[in-house]
Amino acid sequence: QVQLVESGGGLVQPGGSLRLSCAASRSIVSIYAMGWYRQAPGNERELVATITNYGRTNYADSVKGRFTISRDNAKNTMYLQMNSLKPEDTAVYYCNARPVPGTSGYWGQGTQVTVSS
């Protein structure tokens, strides 16, 4: 019932920046816990950053200080600002909405981020 659409991915050089967006089909960004995950080829999907309905944020150690998760409740959109990108950041990035703590929730289709020279 909830659709999530990611955008903003692409090819960027190391040290560059990208801003990912996740647009939700319903007004859920303000009330659901939200997060960004990523999956590189051959790897398991891993948590990148989360933001609760209270606004509390959490980041993977690998992106802490470089990435910033945020949300715009009026636009029903979540963002991931990615700075100082590294080749190891290359992955498909997925948006997640989690209405119930401890469950998988809803997922977007993903957007490709490639960091390469």
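The analysis underlying the following values was restricted to heavy atoms, covering all of them including side chains, and did not include hydrogens, waters or symmetry mates.
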Salt bridge (Lys or Arg N to Asp or Glu O under 4.0 Å) assessment of Asp89 paired with Lys86: CA-CA 5 Å; Asp89 294 319; Lys86 305 175 181 179; over 6 Å; no
The criterion is salt bridge (charged side-chain N to carboxylate O under 4.0 Å, His left out); which residues satisfy it with Arg19, sequence neighbours excluded? none
Distance-only donor-acceptor check, side chains Arg98 and Asn96, under 3.5 Å: yes
Results of side chain to side chain contact (heavy atoms under 4.5 Å, CB included) for Thr90 - residues two or more places apart only: Gln112, Thr114, Val115
Test of understanding: clusters of I, L, V, M, F, W, Y form through side-chain heavy atoms closer than 4.5 Å, transitively. Do Val113 and Val5 belong to the same one? no
Would you verify whether the NZ or CZ of Arg45 falls within 45 degrees of the ring axis of Tyr94 while also being under 6.0 Å from that six-membered ring's centre? yes
Between Tyr59 and Thr68, is any pair of side-chain heavy atoms under 4.5 Å apart? yes
With side chain to side chain contact (heavy atoms under 4.5 Å, CB included) as the test, would you mind laying out the steps for Leu80 and Met82 before giving the verdict? CA-CA 6 Å; Leu80 183 68; Met82 305 185 295; 3.8 Å; yes
Closest heavy-atom pair and its distance - Gly35, Ile69: CA-CD1, 4.2 Å
Return the set of residues passing side chain to side chain contact (heavy atoms under 4.5 Å, CB included) with Gln3 (not counting sequence neighbours), or none when no residue passes. Ser25
Any chance you could lay out the side chain to side chain contact (heavy atoms under 4.5 Å, CB included) test for Val92 and Thr111, step after step, and finish with the verdict? CA-CA 5 Å; Val92 177; Thr111 184; over 6 Å; no
Got more than 12 heavy atoms from elsewhere within 6.0 Å of CD, Glu88? yes
Applying side chain to side chain contact (heavy atoms under 4.5 Å, CB included) to Trp36 and Leu20, what does each step give before you reach the verdict? CA-CA 9 Å; Trp36 288 97; Leu20 305 184; 3.7 Å; yes
Quick one: pull up CZ in Arg71 and OG in Ser21 and give me the separation to the nearest 0.5 Å. 15.5 Å
Would you list the atom pairs, donor with acceptor, under 3.5 Å between side chains in residues 99-109 and any protein atom, with sequence neighbours excluded?
| unit_1 | atom_1 | unit_2 | atom_2 | d |
| --- | --- | --- | --- | --- |
| Thr103 | OG1 | Val100 | O | 2.6 |
| Trp107 | NE1 | Ser104 | O | 3.4 |

Close side-chain approach of Phe67 to Asn83, heavy-atom, < 4.5 Å: no
Let's go through Tyr79 and Asp72 carefully: what are the C-alpha distance in whole Å and the side-chain angles of both, what is the deciding distance for side chain to side chain contact (heavy atoms under 4.5 Å, CB included) to 0.1 Å, and is it a yes or a no? CA-CA 8 Å; Tyr79 305 96; Asp72 187 327; 3.8 Å; yes
Are Gln81 and Ser17 packed together at the side-chain level, in the sense that at least one heavy-atom pair is separated by less than 4.5 angstrom? yes
Any non-hydrogen side-chain atom of Ile28 less than 4.5 Å from a side-chain atom of Met34? yes
Is any side-chain heavy atom of Ser62 closer than 4.5 Å to one of Arg38? yes
Would a hydrophobic clustering, with Ile, Leu, Val, Met, Phe, Trp and Tyr connected at side-chain separations under 4.5 Å, put Val63 with Ile51? yes
Using a 3.5 Å cut-off and no angle test, enumerate the donor-acceptor pairs between side-chain atoms of residues 7-15 and protein atoms at least two apart in sequence or in another chain.
none

Where the side chain of Tyr93 meets the backbone of Val48, is there a donor-acceptor pair that is under 3.5 Å apart? no
Give me each pair satisfying disulfide bond (SG atoms under 2.5 Å apart) with a member in residues 18-113, each pair once, sequence neighbours excluded. Cys22-Cys95
